[in-house]
Amino acid sequence: MEYFSDELAALPRSDVLAIEWDLRHPIFPEPNIDLQYSHALVELAERLASFTGSYIAVHWQLERVPVENLAWCAASLVSTLRSVLGDDDSGPQLVWFATDYHTFSEQPSGVKTKSARSGTFRVVTPEHEEAMNILQDAFQTGGDLEGYAMTELPSQIKRLRMFEGNVQFEEEILEDSGVSGILDKLVAMQSQVFVSGSKACSKTRCVFMTAGVIFDQRQTTVPLRSK
């Protein structure tokens, strides 16, 4: 809480200050309550976006996708990215991948540890792993996205800390699934192009972008919002 103490101190005095981490439904009757993310998180997201440079953001939540859809959803995402990235070397060469699928990090000992990206996505099936392999293989030599790169929040935080030093938050805070989800969304909002899944390919349609590319089996698209 020390990171947010200044923001809490600036709030009007109240008899009760309620802090709830697991908000899944509206809690206020008025629709225009001005709730904002912590300025510290917004500032870190802006630093990450600036440090990363030009990129396309993909937001794909797999948790509630029917497992029989996952393979063709992954193939459709690869096809969509190939179409969006095109052959123009002057455009973005990096794909920022925001997902609820777990990530692996290698420890100094060489042991790989799994980090959860969601507090509710606990059952990972072979179909989930196959879908991720389809996507990752596309960026390898001979793949449809050879020459492009894919990155995720943990990797970019590690690079930012390496090149710029202090990132204000301790690693334990940044590994929290709620904090990482907020940062992913804030960084994605600053991308050149945003890609999300249709209802058949994603847990929910992401609504924090006014426009972007939707990937599914039918390759439906809407006008892009580019910088």
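For reference, positions follow the sequence shown, starting with 1. Predicted model only: the values in this text are computed from it and were never measured.
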Whether D100 side chain and E63 backbone form a donor-acceptor pair below 3.5 Å: yes

Crowding at CD, E129 (>12 non-hydrogen neighbours, <6.0 Å): yes

Q136 CD to F97 CZ distance, which is reported to the nearest 0.5 Å: 8.0 Å

Taking every non-hydrogen atom, the tightest pair across F194 and S196: CE2-CB, 3.6 Å

Hphob cluster co-occupancy, V123 + Y101, side-chain heavy atoms under 4.5 angstrom: no

Partner set under side chain to side chain contact (heavy atoms under 4.5 Å, CB included) for P126, not counting sequence neighbours: none

Interatomic spacing from SG in C73 to CG in L135 - rounded to 0.5 Å: 12.0 Å

Working for side chain to side chain contact (heavy atoms under 4.5 Å, CB included), residues M132 and L62: CA-CA 10 Å; M132 288 299 100; L62 289 75; 3.8 Å; yes

Contacts of E130 that satisfy side chain to side chain contact (heavy atoms under 4.5 Å, CB included) - sequence neighbours left out: A71, I134

Minimum heavy-atom distance A98-D184, with the two atoms named: CB-CG, 3.6 Å

Nearest-0.5 Å distance, CG of residue L160 to OG of residue S155: 12.5 Å

Interatomic spacing from CZ in R82 to CG in L77 - rounded to 0.5 Å: 13.5 Å

Separation of L183 CG from Y37 OH (nearest 0.5 Å): 10.0 Å

More than 12 heavy atoms from other groups under 6.0 Å of CD on E164: yes

Pairing residues for Q156 by the side chain to side chain contact (heavy atoms under 4.5 Å, CB included) criterion, not counting sequence neighbours: L48, F51, T52, W96, T151, R159

Side-chain (T99) to main-chain (W60) donor-acceptor, under 3.5 angstrom: yes

Between OG on residue S180 and CG on residue L174, distance to nearest 0.5 Å: 9.0 Å

